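Let me begin by presenting the structure, written as structure tokens, before commenting on it.
Just so we're on the same page: letters track the sequence lines, and every chain starts at 1. Keep in mind it's a predicted model, so treat the numbers as computed, not measured.
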2 protein chains.
Amino acid sequence: MSQSVRRALEVVELLAGTPRSPSDVAEVLDTHRSTALRLLQTLVDAGYARRLPDGRYSLGYRMIGLAQRAQEQFDLRAIGHPHLVELTAQTGCTTHLAAIDNGHVVYVDKVEPTDSPRILSQIGRPVPLHTASAAKAILAHLPSDRLDLLLDGWAFTRHSVSTITTREAFLADLAAARERGYAIDDGEYEDYINCIAVPVRDATGDVVASVSVTALRALRDLDSLRADLPRLLQTATDISRDLGWVAT
Amino acid sequence: MSQSVRRALEVVELLAGTPRSPSDVAEVLDTHRSTALRLLQTLVDAGYARRLPDGRYSLGYRMIGLAQRAQEQFDLRAIGHPHLVELTAQTGCTTHLAAIDNGHVVYVDKVEPTDSPRILSQIGRPVPLHTASAAKAILAHLPSDRLDLLLDGWAFTRHSVSTITTREAFLADLAAARERGYAIDDGEYEDYINCIAVPVRDATGDVVASVSVTALRALRDLDSLRADLPRLLQTATDISRDLGWVAT
DNA sequence: GGATGTGTTGCACTGTGCGCAACACGCGTG
DNA sequence: CACGCGTGTTGCGCACAGTGCAACACATCC
């Protein structure tokens, strides 16, 4: 729709990764140096980026202000957050809250234990549908037409040896998750990470989100995580109830 | 430099205020409905905005993720935050950390007490130089050339009866603040709010930031705030020391 | 039935954002 | 010191992106 805006946002994403030099930005955007510079200046003007003393550019302070405002507008996150914090405290694992947003499954919240072993997920980023348990827990309970909509055109890219790479196998996995009551990621994205996830329902009873517990396999393998399943289910129930859901 | 990007960011700011309908956005931007819609869709695509069930648009989840990344890049904020939290706990007031960024004084951090009496400041937004004590505390210690740079073209707009509206009077106020060791905002922006602020120094001894305590006059008048001055000074010293400053 | 607001699309015009080139500047290095 | 390298700035001309507009389908509400 809008090329320059798209580029600008691309720059923001770039700076979110790590501070960059102007020429660096120009190269990644595959554009002229002056163009990148003009873009950066616009962003700096708005407070979305800032120039570091060493000449590189990073995200600006305005970002934080925006996020604070954003959080106030996110009922789901606001409701879920305290529950995630508790779950993280109980399990010692990184926990995620995921939801469907604009045709993607995105992480809505993420709480890491204090001794955080760096999980690479990022709030607001689309979740890989066919590997993340948080995605599976939602997809498993979606009506088939909405599921098809999300899955159409989805590439079952292999990320590790255990990645599910065909739609048929994936649908079978979803069915298993539905029956089981929780979804699994058995090192399907990063082979050294596994997670389990359960669905969250809203007032109408529809599954709209999921909660997941993630851990390094070396610290907590799948069986170990399963031991926390009751806590996980309790958290999901709590959030669902806060969303207005009443057990049937 | 870039009109469409500027517009896009304007939309983001708009949504940060409160969720808006498309036609609403179009009107504010003074642009055609379809243009606004196209813009919104680009933002939604990127996760920076989202469509609410009722058709309005608000900020997107990606905002939060970006802010988390941003915070990791902000040494000053990262360093100052815990001290602000403590100061807020001690005083029961809203506290701010302000710094110079891109030719403006901006709030870098803000901590509100749990029973938050809604102060309207926003992180990343430029601070009104001639009213906010947080700005004065910094300006009072700036070399005159840098001060002139910031002040040139600044309009001393009257916001309340006590607003200082001339450059001369303002410079006198700064001198007083410098001598006194702390700066004051005596209801100069909103007449029912007053604050005091003290400077923060970096490793080179330059004043680069300030900490302020803000309160409703009805709850804490200036004299009452002054009682917390030792705590405020201690906080500023702590942050300065964390920044590498050593007392002379 | 009409009124209102959203979302979409095709088209034509215009202006804006782009690439480019040239220059000033600061910094470190051989 | 001259040189290379990267940043920052500016003027220019062109192409095309982005805009405005109009017309449509579609919901919802009264």
Interatomic distance where [atom1] belongs to [X] and [atom2] belongs to [N] [whole Å]:
{"X": "B/H32", "N": "C/dT8", "atom1": "NE2", "atom2": "C1'", "answer": "13 Å"}
{"X": "A/L39", "N": "D/dA17", "atom1": "CG", "atom2": "P", "answer": "16 Å"}
{"X": "A/L40", "N": "D/dG6", "atom1": "CG", "atom2": "P", "answer": "16 Å"}
{"X": "A/L37", "N": "C/dC18", "atom1": "CG", "atom2": "C1'", "answer": "14 Å"}
{"X": "A/R20", "N": "D/dG6", "atom1": "CZ", "atom2": "P", "answer": "16 Å"}
{"X": "B/E27", "N": "C/dT4", "atom1": "CD", "atom2": "P", "answer": "15 Å"}
{"X": "A/R6", "N": "C/dC18", "atom1": "CZ", "atom2": "P", "answer": "14 Å"}
{"X": "B/R56", "N": "D/dT28", "atom1": "CZ", "atom2": "P", "answer": "17 Å"}

So, is [X] near the phosphate of [N], with a side-chain N or O under 4.0 Å from OP1 or OP2?
{"X": "B/T35", "N": "D/dG20", "result": "yes"}
{"X": "A/Q3", "N": "C/dG17", "result": "no"}
{"X": "B/Y57", "N": "C/dG7", "result": "yes"}
{"X": "B/Q41", "N": "C/dT8", "result": "yes"}
{"X": "A/S21", "N": "D/dT7", "result": "yes"}

Full working for side-chain hydrogen bond (donor to acceptor under 3.5 Å, both in side chains) between A/T163 and A/H130: CA-CA 8 Å; A/T163 304; A/H130 63 302; 5.6 Å; no
If you take atom types as modelled and just measure distance, does the side chain of [X] reach the base of [N] with a donor-acceptor pair under 3.5 Å?
{"X": "A/R51", "N": "D/dG8", "value": "no"}
{"X": "A/R33", "N": "D/dG8", "value": "yes"}
{"X": "B/R38", "N": "C/dG7", "value": "no"}

Can you see which heavy atom on A/P199 is nearest to which on A/H141, and at what distance?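 Scanning both residues, the minimum pair turns out to be CG-NE2, 3.6 Å.
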Candidates [options] - which lies nearest the side chain of [X]:
{"X": "A/S4", "options": "C/dG17, C/dG7, C/dT9", "answer": "C/dG17"}
{"X": "B/S34", "options": "C/dG19, D/dT7, D/dG20", "answer": "D/dG20"}
{"X": "A/S23", "options": "D/dG6, D/dT19, C/dC18", "answer": "D/dG6"}

Give the table of side-chain donor-acceptor pairs shorter than 3.5 Å for residues 164-175 of chain B, with sequence neighbours excluded, one pair per line with atom names and distance.
residue, atom, partner, partner atom, Å
B/T166, OG1, B/A169, N, 3.2
B/R167, NH1, B/D152, OD1, 3.2
B/R167, NH2, B/D148, OD1, 3.1
B/D173, OD2, B/K136, NZ, 2.9

Spatial distance of atom OG (A/S121) from atom CD (A/E112) [nearest 0.5 Å]: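 So the OG of A/S121 and the CD of A/E112 are separated by 7.0 Å.
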Roughly how far, to the nearest 0.5 Å, is the CG atom of A/L52 from the CG atom of A/L15?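 Here the interatomic distance stands at 9.0 Å.
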Assess A/R50 against A/Y57: is NZ or CZ under 6.0 Å from the centre of the six-membered ring, and within 45 degrees of the ring's axis?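 Relative to the ring axis of A/Y57, which defines the angle, A/R50 lies outside at least one limit.
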Given axes from five pairs at either end, by how many degrees does the helix from C/dG1-D/dC30 to C/dG30-D/dC1 bend, rounded to 10°?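 Taking five pairs per end, the axes differ by 40°.
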Give the table of side-chain donor-acceptor pairs shorter than 3.5 Å for residues 16-25 of chain B, with sequence neighbours excluded, one pair per line with atom names and distance.
residue, atom, partner, partner atom, Å
B/S21, OG, B/S23, OG, 3.4
B/S21, OG, B/D24, N, 3.2

Carboxylate-amine/guanidinium proximity below 4.0 Å for B/E13 and A/R69: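 So B/E13 does not pair with A/R69 through a salt bridge.
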